[in-house]
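In what follows, a single structure is set out as structure tokens and then discussed.
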Amino acid sequence: MKKETESGYLLGKIDELLNKVGCPICELTSESVDDNIDALFYENVNDPSERKKFSSGPGFCPKHLKMVEDHLRAHPELGILGVSVLYGTISDEIMHALDGESIKFGENCQMCAIEKDSEKRYLDLFAQYISNEERLKRYENSISMVCLKHTNELTKSEINPNFKRVQISKMEKVINSLKEFVRKSDYRYSKESVFLMEGEAWRIISKFLS
């Protein structure tokens with residue numbers, strides 16, 4: 001029952017994300033990692049097992065180092081004690097690296113493992129979402145768009161066969177909107193109204209390719 005309730009909640013989250021530019025799978029995955037970063041520095045940094053995970057990295061990979069920095073900047077209430085404690089656990093490795101030892105920091109990044117598990121979970125969830133024709137239509141008419149990476153992964157699996165058609169149709173509309181925005185930027189047509197999709201087309205493409 002709990003799993004069904006959770007699934008229903010997450011399907012509802014996808015509905016919300018359809019109103020936002022970007023890939024709903026990427027958004028949910030990033031949110032999951034961000035929640036784990038928050039939990040780590042809010043209450044888990046004193047847990048020896050969490051410090052061990054960090055040490056075995058050693059540390060975070062560059063991508064998740066940046067996410068940690070951004071999260072702590074956005075949440076100053078968490079302070080810097082927690083991250084200082086964590087970095088202290090890899091001080092020996094840092095010094096050894098400076099002494100010329102080859103150390104691959106972040107090779108076993110704990111946040112990478114969390115991201116990988118979350119991504120798989122949300123890929124499966126989105127496949128479940130679009131298995132319903134009504135929800136697929138809702139997605140087709142939205143400003144949201146699954147990125148190229150996740151499109152390729154979804155189309156390799158057994159999903160609603162109409163999904164690829166929808167993706168092609170959505171991208172055709174985005175590209176046409178982009179062209180319209182460029183056209184309306186010409187002074188001869190500058191009095192024509194710019195619609196939401198036209199102004200957001202470049203961001204949709206950027207998110208699609210990122």
Side-chain angles (χ1 to χ4, degrees), residues 3-36 61 63-64 66-67 70 111-210:
K3 188 173 182 181
E4 290 179 5
T5 303
E6 182 186 58
S7 178
Y9 167 76
L10 291 172
L11 290 172
K13 286 278 289 182
I14 292 177
D15 275 335
E16 293 176 14
L17 289 170
L18 296 188
N19 298 314
K20 181 178 178 182
V21 171
C23 170
I25 299 167
C26 288
E27 290 289 335
L28 287 167
T29 301
S30 180
E31 185 179 304
S32 179
V33 175
D34 203 55
D35 286 346
N36 275 275
C61 69
K63 174 183 177 180
H64 292 120
K66 180 66 167 56
M67 283 191 72
D70 290 345
M111 291 302 163
C112 283
I114 289 168
E115 182 175 291
K116 184 177 179 180
D117 289 345
S118 298
E119 184 178 39
K120 174 64 170 63
R121 178 187 182 194
Y122 295 128
L123 274 166
D124 292 344
L125 181 77
F126 192 80
Q128 179 186 340
Y129 184 90
I130 59 172
S131 66
N132 177 287
E133 290 297 331
E134 183 180 334
R135 290 196 296 251
L136 179 64
K137 190 68 178 177
R138 199 177 304 156
Y139 166 70
E140 183 175 11
N141 294 328
S142 75
I143 199 168
S144 173
M145 188 161 189
V146 173
C147 69
L148 180 60
K149 175 191 173 186
H150 291 138
T151 296
N152 289 335
E153 291 184 22
L154 283 166
T155 51
K156 287 176 188 174
S157 58
E158 294 182 9
I159 60 162
N160 191 327
N162 289 320
F163 173 66
K164 189 171 183 178
R165 173 193 60 76
V166 166
Q167 283 295 85
I168 292 170
S169 174
K170 282 176 74 71
M171 185 51 74
E172 285 175 345
K173 290 176 183 176
V174 171
I175 291 172
N176 287 336
S177 293
L178 185 79
K179 290 177 179 178
E180 273 296 280
F181 178 81
V182 173
R183 184 185 68 81
K184 291 176 182 179
S185 296
D186 187 313
Y187 75 94
R188 292 171 296 176
Y189 312 106
S190 59
K191 291 184 179 179
E192 294 184 32
S193 299
V194 174
F195 298 109
L196 175 63
M197 182 68 81
E198 294 167 357
E200 294 288 357
W202 73 271
R203 287 209 307 135
I204 295 171
I205 294 173
S206 181
K207 293 278 189 182
F208 178 77
L209 296 174
S210 62

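These numbers come from a predicted model, not from an experiment. In what follows, every heavy atom counts, from backbone to side chain, and hydrogens, waters and symmetry copies are set aside.
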Would you call Arg203 and Glu200 a salt bridge, taking side-chain N to carboxylate O under 4.0 Å as the test?
yes

Can you confirm whether Lys179 sits close enough to Glu198 that some side-chain heavy atom of one is under 4.5 Å from a side-chain heavy atom of the other?
no

Salt bridge flag under 4.0 Å for residues Arg183 and Glu180
yes

Separation between CD1 (Ile143) and OG (Ser177), nearest 0.5 Å, reads 9.0 Å

Between OG1 of Thr29 and CG of Asp34, what distance do you get to the nearest 0.5 Å?
12.5 Å

Side chain to side chain contact (heavy atoms under 4.5 Å, CB included) between Lys13 and Glu31, worked out
CA-CA 11 Å; Lys13 286 278 289 182; Glu31 185 179 304; 3.2 Å; yes

Below 4.0 angstrom, N of the basic side chain to O of the carboxylate: do Asp124 and Lys120 qualify?
yes

So, Asn176 side chain and Glu172 main chain: donor-acceptor pair closer than 3.5 Å or not?
yes

Do side-chain atoms of Ser30 reach the backbone of Cys26 as a donor and acceptor pair under 3.5 angstrom?
no

Which pairs with one or both residues in residues 14-28 pass side chain to side chain donor-acceptor pair (under 3.5 Å), sequence neighbours excluded?
Asp15-Tyr129, Asp15-Arg138, Lys20-Glu27

Once rounded to the nearest 0.5 Å, what's the spacing between atom CG of Leu136 and atom CG of Asn132?
8.5 Å

Residue pair Gln167 / Thr151, side-chain donor-acceptor N/O under 3.5 Å
yes

Rounded to the nearest 0.5 Å, what separates atom CG in Asn152 from atom SG in Cys147?
8.5 Å

Positive for side-chain contact (heavy atoms from CB on, under 4.5 Å) with Ser144, one of Ile14, Ile204, Leu18:
Leu18

Hey, is NZ on Lys170 packed in by over 12 heavy atoms from elsewhere, all under 6.0 Å?
yes

Check whether Phe208 forms a cation-pi arrangement with Lys149 (NZ or CZ under 6.0 Å from the six-membered ring centre, at most 45° off the ring normal).
no

If we only count heavy atoms from C-beta on, is the Arg121 to Leu28 side-chain gap below 4.5 Å?
no

Before giving the answer on side chain to side chain contact (heavy atoms under 4.5 Å, CB included), spell out for Glu115 and Lys63 the whole-Å C-alpha distance, their side-chain angles and the decisive distance to 0.1 Å.
CA-CA 11 Å; Glu115 182 175 291; Lys63 174 183 177 180; 2.9 Å; yes

Decide if atom CD of Glu133 counts as having more than 12 heavy atoms of other residues, nucleotides or ligands within a radius under 6.0 Å.
yes

If we only count heavy atoms from C-beta on, is the His64 to Cys112 side-chain gap below 4.5 Å?
yes

Phe195 ring center near Phe181 ring center (under 6.0 Å):
no

Tell me whether Lys207 contacts the main-chain N or O of Val21 through its side chain, where contact means a donor paired with an acceptor under 3.5 Å.
no

Out of curiosity, Thr155 OG1 to Phe163 CZ, how far, rounded to the nearest 0.5 Å?
7.5 Å

Between Tyr139 and Val146, is there a donor-acceptor pair closer than 3.5 Å when you use the side chain of the first and the backbone of the second?
yes

Give the intermediate values and the outcome of side chain to side chain contact (heavy atoms under 4.5 Å, CB included) for residues Met171 and Met145.
CA-CA 8 Å; Met171 185 51 74; Met145 188 161 189; 3.7 Å; yes

Working to the nearest 0.5 angstrom, can you tell me the gap between Asp70 CG and Lys66 NZ?
3.5 Å

In short, Leu123 meets Leu154 closest at the heavy-atom pair O-CD2, 3.7 Å

Begin with the C-alpha distance, continue with both residues' side-chain angles, and end with the deciding distance and a verdict on side chain to side chain contact (heavy atoms under 4.5 Å, CB included) for Ser32 and Asn36.
CA-CA 6 Å; Ser32 179; Asn36 275 275; 3.9 Å; yes

Before accepting this row, confirm whether a basic side-chain N of the pair Lys137/Glu140 lies closer than 4.0 Å to the acidic partner's carboxylate O.
yes

Is there a donor-acceptor pair under 3.5 Å between the side chain of Ser206 and the backbone N or O of Trp202?
no

